[in-house]
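These values consider heavy atoms only, across backbone and side chains, with no hydrogens, waters or symmetry-generated copies. Each ligand, and each atom within it, is numbered from 1 in the order the structure gives. In this chain, numbering begins with 1 at the start of the sequence shown. Computed from a prediction, not measured in an experiment: that's the story for all the values here.
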Amino acid sequence: MSVIYLDHAASTPLDPQVIAALQAALTGEAAFGNPSATTHVYGRAAAAQIEQARERIAALIAASPREVIFTSGATESDNLAILGIARGRESFGRHLISSRTEHKAVLDACKALAKRGFEVTWLEPQRDGRILPEQVAAALRPTTQLVSLMHANNETGVVQPIEPIAELCRARGVFFHVDAAQSVGKLPLDVSTTPIDLLSLSAHKMYGPKGIGALFVSERVRPWLEPLMWGGGQERGLRPGTLPTHQIVAFGVAAEVARSRWREDARHLEGLVRQFKGAMEGLPGGRFNDPLLKAMDGETMDAEAIDDGRLPGLVSLSLEGVEGESLLAELPQLALSSGAACDSATGEPSYVLRAQGVPRELAQSTLRVSFGRGNTAEEAEAAARQICAAVVRLRNEDAPGQPPGGPWAEGSAGSLAEGARVRCFLRLTTDGRLEALQFRLAACPHTREVARRLEARVAAGPCSPESLGKPDDWAREATVPVTKLGRLLAVEDALRRALGSVAAARSRTIEP
Ligand SMILES: *Cc1c(COP(=O)(O)O)cnc(C)c1O
């Protein structure tokens, strides 16, 4: 496919060795048995393969295999950790600490507990996206049972200082959960030296299959973790259900591959990031949302500072003066995401970036570029080139000043922070019909489409302003989703204001 895949933070392709292992596990004679059926050789073969995978995954984080519990993914691991400890320790206290920039799986698990009377302290990250150990210390209460913070952020790549926070929690007798879905296999993680109690992993973020993950449960917290489901007692009773042998085997191979090459991967990924940032240099009005990159609004990007407090291969960049959805639509040859994958659906600007102090207007035009093992330097350069060209194209649609062929009556409405900024330019015939209409705007593809249709209507021949219709009509004709109707109001307002300015000018010339 000619589309360059730059969305590895959402999911990674399967490593070739993982595919081979998956196929072998699916078609192999030996291991189709139920791994719990240890009365015969089929079941025992499956169980042996699972135990080998468990050892490989444990080795990646320096855990004991007994402490690795298989789940369906990091979402389930996060839920099991948070709900499980909350329920298991409820009688000792009902207070939890987390942060505003967590993955939805953590945010919503904590919110569900809050609805049931638990108290949650939401830590606010610093401007660089990090949570300081002092913030955690200040939030601890005698009733605190769990602190849940992520290792590497899935939107910005910011890496939290989990070691001092883990030490602090251990010293204060509070359990510490880490969502490490983004960082396992990419950054070193050692639960034998860092006192982490629970750690979430996901196979499909590390070149393994979807639908399989794990929760590291230290021996220390195990007695306090209440399962979410009940059944056949698998996974030490913490996560019952027949284990998916093939997925687990593949996950194990992915872990083994990651262990042998994460350093090489990190070097490769940082090379790609440097290349990409270098090729973005010179585009004004953008910023990288990295801890140490200083390029601020309106300044040219600075490719020099590469920071080690960041997930290798992930670049978050915000581009001034363009609308995020249109920017993605202008990049059909790049597979990347705006903000978090979860949020692309709601169209709400990333809560993570907003919590990090990125203004709403910039947060809405943020791209997350996440490179992977398979990307090349040429792809990084091509991506940067395409993004720069798309930004320039979109900014031209919203160029300042009047369009040529003026003078025009002008009206403007909306703002990018609200989702659409529209300027309308028009001329009327002496009998009040529209003879020319042009829009300059920064808005979503739907709003742009509506503007283009209105322009075409007038270009086809003078018509009365009323005949252009209302936002409801435009939405129907251009099949605009109801959630976007608000943006069309900006088009209507700009049009009305331009018409109003003609009327005002005419009444002034008639008055004397
Ligand atoms: C992807 C991701 C998850 C969810 O993992 P699934 O295995 O897809 O359920 C949770 N947390 C973070 C930080 C992630 O990046």
Side-chain angles (χ1 to χ4, degrees), residues 5-14 18 57 60-61 68-84 98-112 125 129-131 147-160 162 176-187 189 196 198-216 228-229 239 241 244 247-248 250-252 254-255 258 269 310-316 336-345 350-353 355-356 368-372:
Y5 189 76
L6 299 171
D7 205 13
H8 294 80
S11 198
T12 49
L14 295 180
V18 172
I57 292 154
L60 189 59
I61 56 170
V68 172
I69 302 298
F70 288 113
T71 64
S72 62
T75 298
E76 186 186 333
S77 298
D78 289 344
N79 276 273
L80 177 56
I82 293 165
L83 303 178
S98 189
S99 93
R100 298 251 174 241
T101 56
E102 296 303 307
H103 189 271
K104 288 264 177 177
V106 168
L107 290 179
D108 287 1
C110 289
K111 285 182 190 163
R130 281 176 227 197
I131 303 284
V147 174
S148 177
L149 294 172
M150 66 197 340
H151 188 201
N153 186 275
N154 50 306
E155 282 189 51
T156 56
V158 170
V159 173
Q160 297 298 347
I162 55 169
F176 184 38
H177 166 242
V178 175
D179 177 347
Q182 288 291 338
S183 61
V184 172
K186 296 186 198 121
L187 292 174
L189 260 172
I196 293 168
L198 299 138
L199 183 128
S200 301
L201 302 84
S202 176
H204 78 98
K205 303 285 174 73
M206 47 183 277
Y207 307 93
K210 293 167 186 61
I212 185 74
L215 180 65
F216 158 76
L228 305 183
M229 300 189 296
R239 208 286 191 170
Q247 281 171 294
I248 290 172
F251 185 11
L269 294 174
R310 225 167 26 80
L311 187 68
L314 193 151
V315 186
S316 165
L336 38 76
S337 107
S338 75
C342 307
D343 269 18
S344 299
S350 153
Y351 61 89
V352 172
L353 292 167
Q356 224 172 285
R368 177 185 72 180
V369 180
S370 48
F371 294 104

Item to check | Numbered atoms and elements of ligand 1 in range of N154, under 4.0 angstrom, heavy atoms | outcome: 15 (O)
Item to check | Any side-chain heavy-atom pair of L14 and Y207 under 4.5 Å | outcome: no
Checklist entry - Does an N or O from A74, backbone or side chain, lie closer than 3.5 Å to an N or O of ligand 1? => result yes
Item to check | Nearest-neighbour protein heavy atom for atom 14 (C) of ligand 1, which is reported as residue plus atom name and distance | outcome: K205 NZ, 2.9 Å
Next on the checklist: Go through it in stages, so that I can follow the logic: the residues are S98 and S148, the test is side-chain hydrogen bond (donor to acceptor under 3.5 Å, both in side chains), and I'd like the CA-CA distance, side-chain angles, deciding distance and then a yes or no.
Outcome noted: CA-CA 5 Å; S98 189; S148 177; 4.5 Å; no
Next on the checklist: Need the ligand 1 atom indices (1-based, order shown) with element for anything under 4.0 Å from a heavy-atom of D179.
Outcome noted: 10 (C), 11 (N), 12 (C), 13 (C)
Checklist entry - Hey, which atoms in ligand 1 end up nearer than 4.0 Å to a heavy atom of M150? => result 13 (C)
Checklist entry - Purely on distance, is any nitrogen or oxygen of S72 under 3.5 Å from one on ligand 1? => result no
Next on the checklist: Looking at R368 and N154, would you say the former's side chain and the latter's main chain have a donor-acceptor pair under 3.5 Å?
Outcome noted: yes
Checklist entry - Side chains of L199 and L215: closer than 4.5 Å at any heavy-atom pair? => result no
Checklist entry - Given that the side chain starts at C-beta and the backbone is N, CA, C, O, which of these parts of K210 lies under 4.0 Å from ligand 1, counting heavy atoms, or is it both or neither? => result neither
Checklist outcome for this item: Output for pair (M150 CE, S200 OG), nearest 0.5 Å, gives 10.0 Å
Item to check | Closest protein heavy atom (residue, atom, distance) for atom 9 (O) of ligand 1 | outcome: T75 OG1, 2.6 Å
Checklist entry - Using a distance-only test with no angle check, is there a side-chain donor-acceptor pair under 3.5 angstrom linking S370 and H8? => result no
Checklist entry - Which protein non-hydrogen atom lies closest to atom 3 (C) of ligand 1, naming both residue and atom, and how far is it? => result H103 NE2, 3.5 Å
Item to check | Side chain to side chain, T12 and M206, heavy atoms closer than 4.5 Å | outcome: no
Item to check | Atoms of ligand 1, numbered as shown, that sit under 4.0 Å from any heavy atom of H204 | outcome: 6 (P), 7 (O), 8 (O)
Item to check | atom 7 (O) of ligand 1 - nearest protein heavy atom and its distance | outcome: S202 OG, 2.7 Å
Checklist entry - Would you say the side chain of I162 lies within less than 4.5 Å of the side chain of F176, judging by non-hydrogen atoms? => result yes
